[in-house]
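For reference, the structure discussed in these notes is given below.
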Amino acid sequence: MAKNLVIVESPAKAKTIEGYLGKDFVVKSSFGHVRDLAKKGEAIDIANDFAPRYEVSPDKKQVVADLKKLVKVAETVWLATDEDREGEAISWHLYETLGLDKKETKRITFNEITKAAVLKAIDSPREINKELVDAQQARRILDRLVGFELSPVLWRKVRPSLSAGRVQSVAVKLIVEREKEIEAFKGDFFYKVNGIFTAENGRFKAEVSQQLKSEKEVESILESCKGANFKVSDVAMKPAIKKPVAPFTTSTLQQEASLKLGFSVSRTMSVAQRLYEAGHITYMRTDSVNLSETALDAAQNEIEKAYGKEFSNRTKYTTKDTGAQEAHEAIRPSDFGKHSINGESEQERLYDLIWKRAISSQMSDAKLERTTIKVNAAGVDETFQAKGEVIKFEGFLKVYLESNLDDEDEDETDSGLLPAVSKGDLLDANEIKITQRFSRPPARYVEASLVKKLESLGIGRPSTYAPTITTIQKRGYVEKPDREGEERTYSQWKLSNDKIERKELTEVTGREKNKLAPTDIGVVVTDFLSEHFVTIMDYNFTAKIEKEFDEIAKGLMDWTKMLKEFYTPFHTNVEDTLENSERATGERELGIDPASGRKIIARIGRFGPMIQIGDEQVDGEKPQFASLRTNQSINSISLEEALELFQFPKNPVSYTHLTLPTIYSV
DNA sequence: CAGTGAGCGAGCTTCCGCTTGACTT
């Protein structure tokens, strides 16, 4: 029998570590937390310094039983869970649950899974850090208090079965606020001027940087360009460098997999999980961009072998986010020598992305030369500009270029090669084109951009980004409606061979898929919470309490005191809201029913968004009701559309708003 | 599922963060 029992969080990690340690060690996994606050009854004794009541989670009963057996025969138990707040708490819960003996228990940590790191950890054990554990207990209890006191307020004031929480409610708020910005957006248009010019060595496209505001300006420019003699008025060349970016964290992996592979956040995580279990990559839930020394060596080796010494540039990245806990390495291939793997297509593609990102992070800067050509003509007031970029040395661009979430389907800027020209060269203007363009409303979030935003606010953790997105959709706060988009017309003028031609063209705008938009319920709940629970809904709330958790972890603050200071005003606020606030229905008056002269309102009813004609209190007659259809919302439905809902009462229409909890199916 | 908008009054829902399978479709 093994003398030593090592407990880590993940079974795949256990397997790896067992290989590093000798015959005397058996390594097992706890599968994450084994205990949590009681699900039912009083889990927190608020009057008694928030004393928590923990119980072994139902799905961990077997794990705990198995570990107990191994503890009995082991001489020493090594608690080797992660080096962060949650990891420390897991060790403490194991210690308590397994009834460990302090003399025979050792706490060890390592934030990279390498033989050297593990052996070093075994050489320098410590005790469980109770202050760090207390910080976790404060975090856990605060989240329970917020979630389990706020949700029932919603049941009473909005609709049953709804939920609220420190993370999810703010995630929904981001989406609601973005939608309000879009609604408030006033579209504008302008005119953009382009020219295609031919020089001795080739053609290039150049544009005028200022935007024209009126057709009058358009026409006067075109007139001035007629027969004008264009020439190169300036050529400027500037060297530039592009730097690679850090290897993946969970959040950046989710973003890139979304952009480059079209994966949803949860799909990325499940594919990564399989890569991890197969031993192809390091752990996929991490907020660290750090690479171990062994990994740096391996990457450098591989780059020098595959591309040459000049492509290697060993770089240590550091995490800027203050909330990061850095219990693991960045996400990287276990073996940099494997440029690709064989497996299911999505695993191959995600691995390819991870390999390229990690390798490129250790490669040299790309050297570029940026060229700007200015084109002018006598009699033409505007300056045309062409910008080009030439790669002088590829560096990391040989393997990888990061995508950008913000500039999808933006007009492509011609940044390729420009022909060699010199100042004073004469040019032929093949075509001057002026196109009407439109300003764009703020973009709706996609899953990955929401994760990016949450991470930048320090809200949520690598292990919760994907589940949070699932939750807010399951609760019916947000959805991803398919939008067909609308056709719009725009004008375009072309000047060639001294002839001006004007055309009216059409394009489709606003076509969308997979964009997150709030439902009526999402809007009503967010407005309600924002009005009554300003503190919780503040984007800085998490950051603020994280600072206090850090104080607790450092032993500078007492965790029960921190909770008390938070809870006392919060609870008063809850009571006050329950007693004094109106039901939140998102009611909006649409107008008067022409047939009956009664008032028409849109609001959230017991079964979701609906239209109501009349009010029994006011006109003494029973009101009429109709549910909104899919893609209709309280905020945008018109009086006409509302009346239409009463025209065909027997028509079967889809009522997807009515994704209701089972209680109502009775 | 059907297609409501409650004069029954019992008991239910809910949080965040750490982990994987065991379930269906």
Side-chain angles (χ1 to χ4, degrees), chain A residues 7-14 29-37 39-40 43-44 57 59-60 62-63 81-82 84-91 93-94 136-156 158-171 269-270 273-274 276-277 283-285 325 327-328 459-468 471 474-475 536 542 545 585 603-616 622-627 629 645 649-655 657-658 660-666:
Chain A
I7 306 177
V8 296
E9 277 154 88
S10 143
K13 191 166 158 182
S29 140
S30 74
F31 296 85
H33 275 294
V34 294
R35 282 204 313 190
D36 191 16
L37 290 173
K39 196 98 180 71
K40 300 243 179 300
I44 304 162
S57 317
D59 56 332
K60 298 295 162 54
Q62 191 57 52
V63 175
T81 54
D82 293 346
D84 59 10
R85 199 165 65 205
E86 296 297 326
E88 201 69 19
I90 291 173
S91 276
H93 281 302
L94 284 168
Q136 193 274 349
Q137 296 199 85
R139 197 281 303 156
R140 178 65 190 95
I141 290 167
L142 183 140
D143 280 336
R144 166 62 66 88
L145 291 170
V146 170
F148 277 35
E149 294 214 4
L150 233 38
S151 299
V153 177
L154 295 180
W155 304 342
R156 286 265 304 275
V158 186
R159 218 169 83 177
S161 299
L162 294 174
S163 65
R166 175 176 58 81
V167 172
Q168 60 169 283
S169 294
V170 179
M269 292 315 283
S270 81
Q273 175 85 31
R274 277 177 280 149
Y276 168 67
E277 282 166 7
Y283 198 57
M284 64 280 152
R285 289 187 275 265
Q325 308 201 5
H328 303 95
I459 298 169
R461 303 279 311 133
S463 66
T464 60
Y465 296 137
T468 298
T471 300
K474 217 163 85 188
R475 297 272 175 275
I536 306 289
T542 291
I545 57 168
T585 63
R603 66 176 178 92
I604 302 274
R606 176 151 288 224
F607 303 101
M610 63 162 198
I611 302 294
Q612 177 178 346
I613 303 183
D615 182 336
E616 197 158 10
K622 282 249 183 270
Q624 280 184 282
F625 301 99
S627 288
R629 286 182 199 159
L645 294 172
K650 299 279 174 269
N651 235 11
V653 288
S654 63
Y655 291 92
H657 282 301
L658 309 185
L660 275 172
T662 39
I663 343 161
Y664 283 101
S665 63
V666 190

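Chain letters run A, B, ... following the sequence lines, proteins first, then strands; residues in each count from 1. Because the structure is predicted, anything quoted here is derived from the model rather than measured.
Among residues two or more places apart in sequence or in another chain, the side chain to side chain donor-acceptor pair (under 3.5 Å) test is passed with A:Lys13 by A:Asp82. The side chain to side chain donor-acceptor pair (under 3.5 Å) search around A:Tyr465 returns none, not counting sequence neighbours. Residues meeting the salt bridge (Lys or Arg N to Asp or Glu O under 4.0 Å) test with A:Arg85, sequence neighbours left out: A:Glu546. With sequence neighbours excluded, the residues that form a salt bridge (Lys or Arg N to Asp or Glu O under 4.0 Å) with A:Arg166 are A:Asp143. Residues satisfying the salt bridge (Lys or Arg N to Asp or Glu O under 4.0 Å) criterion with A:Asp84, sequence neighbours excluded, are absent altogether. Evaluation of the side chain to side chain donor-acceptor pair (under 3.5 Å) rule for A:Gln624 yields no partner, not counting sequence neighbours. Remark: A:Ser463 pairs with no residue by the side chain to side chain donor-acceptor pair (under 3.5 Å) rule, at least two apart or across chains.
In B:dG9 the base sits anti relative to the sugar, since the glycosidic angle is further than 90° from 0.
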Open item on the list: Test side chain to side chain contact (heavy atoms under 4.5 Å, CB included) on A:Val146 and A:Ile536; report intermediate values, then the result.
Closed with: CA-CA 8 Å; A:Val146 170; A:Ile536 306 289; 4.0 Å; yes
Open item on the list: Treating primed atoms plus P, OP1 and OP2 as sugar-phosphate and everything else as base, which nucleotides of nucleotides 14-21 of chain B get B, S or - for protein heavy atoms under 4.0 Å?
Closed with: BBBBBBS-
Task: Structure string for DNA chain B in dot-bracket form, Watson-Crick and G-U at under 3.5 Å, | interchain - done: .........................
